[in-house]
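Predicted model, so just to flag it, every value in this text is computed and none were measured.
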Amino acid sequence: MRQILKNARILDVHSGEVMNEDVLVIEDGRIVDVTRTVPAGESLDLAGQFLTPGLIDSHVHLVWEGQPDPNQFTISEPAVLTAYRAARSARRNLEGGITTVRDVGGPDGIPMAIARAEKQGMVQGSRVIACGSPVVQTGGHVYTFSREADGADEVRKAVREQIKAGADAIKLMCSGGAYGERESIEATQMTPEEIATAVDEARRAEKRVAAHALNSAAIQNVLEAGVTTVEHAALLSEQNIETFLKTGAFMVPTLSPYYLMAREGSEGGIPESAVRKSRQVMDAYATNLRHAFSRGVRIALGTDAGSPGIPHPTVPFEALLWQRESGISPVEILRAATFTAAQALGIEAELGSIETGKIADLVTYAENPFDDVATLHRPQRVFRSGVQVSGAHVVWSAHEITARA
């Protein structure tokens with residue numbers, strides 16, 4: 001099948017400029033030409049809309065939809081209902097212009113099942129890179145939907161179980177977090193030996209490793225073990241930054257959940273302990289993100305979509321926070337949500353930029369996102385492998401965005 005998109009203002013996420021070419025030719029879901037000449041045949045006139053690569057959210061939980069206490073929610077809902085919920089989350093992400101998500105944890109094999117269902121055309125949603133059940137120490141962060149394992153041998157077995165179940169990547173929980181009532185965000189979880197074992201086993205199967213790590217000691221542990229991405233990395237130190245640069249690992253910050261839990265407090269039903277810890281995180285998070293960017297750390301945009309108070313999709317809101325709270329430029333933000341995210345996930349040969357040979361995951365906007373990231377809240381058209389998705393929209397209303405940001 002051949003498609004021609006004409007009169008597009010095509011954004012180059014590498015240069016941060018609008019391309020001179022304004023015609024895109026797509027065949028069988030892939031970009032075959034970026035040109036100024038309109039080929040013969042039927043075409044779709046984009047009338048000067050700005051065309052970007054499909055956005056990528058490197059950190060979501062499809063099984064959640066912003067419930068105040070995700071731990072309790074996970075253990076109280078039947079798995080079948082949770083699976084339907086996850087499929088709806090994938091659909092909502094796609095309609096919001098997030099054409100790819102990495103699901104970093106869910107119960108009962110649901111993330112892998114949604115990924116398979118999407119590939120087989122059983123559900124329509126974002127393409128899903130699934131981590132399956134996170135590997136945690138006994139009683140570790142979000143143990144309610146994770147695989148608890150203690151000691152190197154048991155951790156190795158747990159990683160093998162996730163690979164056997166079809167996980168695209170491995171998720172580790174290596175520090176405390178905001179949700180657990182009895183967890184400290186300053187606590188490390190999993191020993192350096194356990195983390196290194198998990199990374200070694202994942203590498204044997206050519207799988208990447210994502211590690212939840214909030215505090216500087218945990219960040220250092222996972223970086224030295226060789227993980228691919230460090231999730232959150234809120235309280236990073238100068239030593240952490242040096243190690244990021246040395247190893248080439250990616251930072252996947254997620255300001256949205258901590259910002260909203262800290263700002264909105266317990267009025268929305270969020271446990272007081274989570275509010276308190278989120279405020280502790282936000283005391284340093286925005287400044288640390290800005291510093292990491294200035295030092296050249298490779299940063300992929302993630303959101304923790306599904307966490308307390310955060311519906312799907314959340315990339316536009318996260319982008320707004322990066323700009324307003326950390327002073328990150330729109331070009332840097334869009335690059336983090338496209339090509340750098342694709343690099344972090346190992347899919348940059350297929351996705352993340354508008355180039356010949358790549359999959360035609362595309363989004364159009366009436367205004368230029370390079371000028372104002374708030375534009376990302378208003379997608380006009382979404383294309384998944386060259387096919388236009390009906391009902392492009394985002395969940396967050398303009399009023400809610402203004403009120404909550």
| request: Identify, with sequence neighbours excluded, every residue that meets salt bridge (charged side-chain N to carboxylate O under 4.0 Å, His left out) alongside R203. | output: none
| query | Using 4.0 Å as the upper bound for N to carboxylate O, is an ion pair formed by R276 and E272? | reply | no
| Where do M112 and A165 come nearest, in terms of heavy atoms and distance? | CE-CB, 3.5 Å
| field | Least distance between heavy atoms, P192 atom then N221 atom | value | CG-OD1, 4.0 Å
| Are the side chain of S175 and the backbone of L214 linked by a donor-acceptor contact shorter than 3.5 Å? | yes
| Just checking, is any N or O donor in the side chain of R30 or S385 under 3.5 Å from an acceptor N or O on the other one? | no
| Can you find a pair of side-chain heavy atoms, one from D12 and one from F339, that are under 4.5 Å apart? | no
| query | Any Lys/Arg nitrogen of D168 or R208 sitting under 4.0 Å from an Asp/Glu carboxylate oxygen of the other? | reply | no
| Hey, what do you get for CG (L223) to CZ (F244), rounding to the nearest 0.5 Å? | 4.5 Å
| query | Do Q239 and S216 come within less than 4.5 Å of each other through their side chains, counting heavy atoms only? | reply | no
| query | For S329, does its backbone N or O pair with a side-chain atom of E332 as donor and acceptor, under 3.5 Å? | reply | yes
| query | Are the side chains of L334 and L55 in touch, meaning some heavy atoms are under 4.5 Å apart? | reply | yes
| field | Electrostatic pair K157-D153, nearest N-O below 4.0 angstrom | value | no
| message | Using only atom types and a distance under 3.5 Å, with no angle test, would you say the side chain of E367 pairs donor to acceptor with the backbone of Y365? | response | no
| field | CG on L362 to CD1 on I31, rounded to 0.5 Å | value | 5.5 Å
| query | Are side-chain N/O atoms of T303 and E318 paired as donor and acceptor at under 3.5 Å? | reply | no
Just list the side-chain donor-acceptor pairs under 3.5 Å for residues 19-26, sequence neighbours left out, or say none.
none

| field | SB check E348 K358 (cutoff 4.0 Å) | value | no
| task | Provide the closest heavy-atom pair for I170 versus L172 in the form atom of the first, atom of the second, distance. | result | CG2-CD2, 4.0 Å
| remark: Closest non-hydrogen contact found for P379 with V382 is CB-CG2, 4.4 Å
| Is a side-chain N or O of S326 found less than 3.5 angstrom from the main chain of A286, in a donor-acceptor match? | yes
| request: Would you sort out whether I110 and L62 count as a side-chain contact (heavy atoms from CB on, under 4.5 Å), showing the intermediate values? | output: CA-CA 9 Å; I110 292 172; L62 294 174; over 6 Å; no
| Pairing of R85 and E77 as salt bridge, 4.0 angstrom limit | yes
| Salt bridge between R156 and E194, side-chain N to carboxylate O under 4.0 Å? | no
| request: May I have the step-by-step check of side-chain contact (heavy atoms from CB on, under 4.5 Å) for I56 and T338, ending in yes or no? | output: CA-CA 6 Å; I56 299 171; T338 54; 5.6 Å; no
| query | Is the number of heavy atoms from other residues, nucleotides or ligands within 6.0 Å of CZ (R116) greater than 12? | reply | no
| request: Compute whether any side-chain donor of one residue and acceptor of the other, for Q280 and S278, lie under 3.5 angstrom apart. | output: no
| task | Take R147 and E161 through the side-chain contact (heavy atoms from CB on, under 4.5 Å) test and state the conclusion after the steps. | result | CA-CA 9 Å; R147 166 58 159 93; E161 288 174 351; 2.7 Å; yes
| Got a salt bridge between E231 and K171, using NZ or NE/NH1/NH2 to carboxylate O under 4.0 Å? | no
| field | NZ/NE/NH1/NH2 to OD/OE distance under 4.0 Å, E242 and R295 | value | yes
| Hey, is the main chain of T138 close enough, under 3.5 Å, to the side chain of D150 for a donor-acceptor pair? | yes
| said: Any heavy-atom pair between the side chains of D57 and P313 that's under 4.5 Å? | reply: no
| Do V230 and L236 have side chains that get closer than 4.5 Å, going by heavy atoms? | no
| field | Check: S184 side chain, E186 main-chain N or O, donor-acceptor pair, under 3.5 Å | value | yes
| field | Under 3.5 Å side-chain donor-acceptor pair for Q220 and N240 | value | yes
| Point-to-point distance, once rounded to the nearest 0.5 Å, from OG of S294 to CD1 of I328 | 8.5 Å
| Which pair of heavy atoms, one from W64 and one from G306, lies closest together, and at what distance? | CB-O, 2.9 Å
| query | To the nearest 0.5 Å, how far apart are OG1 in T340 and CG in L345? | reply | 11.5 Å
| request: Determine the sole option in H212, H61, H141 for which the ring-ring contact (aromatic ring centres under 6.0 Å, His included) test with Y179 is passed. | output: H141
| Atom pair CG/NE2 of N93 and H312 - distance to nearest 0.5 Å | 6.0 Å
| said: Looking at F50, is its backbone amide N or carbonyl O close enough to the side chain of R9 to form a donor-acceptor pair, meaning the two atoms are under 3.5 Å apart? | reply: no
| task | Could you check if a side-chain atom of K119 sits within less than 4.5 angstrom of a side-chain atom of V128, using non-hydrogen atoms only? | result | no
| request: Hey, could you give me the CG/CD distance between L46 and Q380, rounded to the nearest 0.5 Å? | output: 10.5 Å
| Under 3.5 Å side-chain donor-acceptor pair for S126 and R92 | no
| Between H232 and H59, what is the ring plane arrangement, given parallel below 30°, perpendicular above 60°, and tilted in between? | tilted
| message | W322 and ring-ring contact (aromatic ring centres under 6.0 Å, His included): which single residue from Y259, F293, F317 fits? | response | F293
| Any side-chain donor-acceptor pair under 3.5 Å between T191 and E193? | no
| said: Please determine whether side-chain contact (heavy atoms from CB on, under 4.5 Å) holds for the pair K207 and I163, giving the CA-CA distance in whole Å, both sets of side-chain angles, and the decisive distance to 0.1 Å. | reply: CA-CA 8 Å; K207 304 294 183 182; I163 294 168; 4.2 Å; yes
| query | Do you know which two heavy atoms are closest between I241 and V297, and how far apart they sit? | reply | CG2-CG2, 4.0 Å
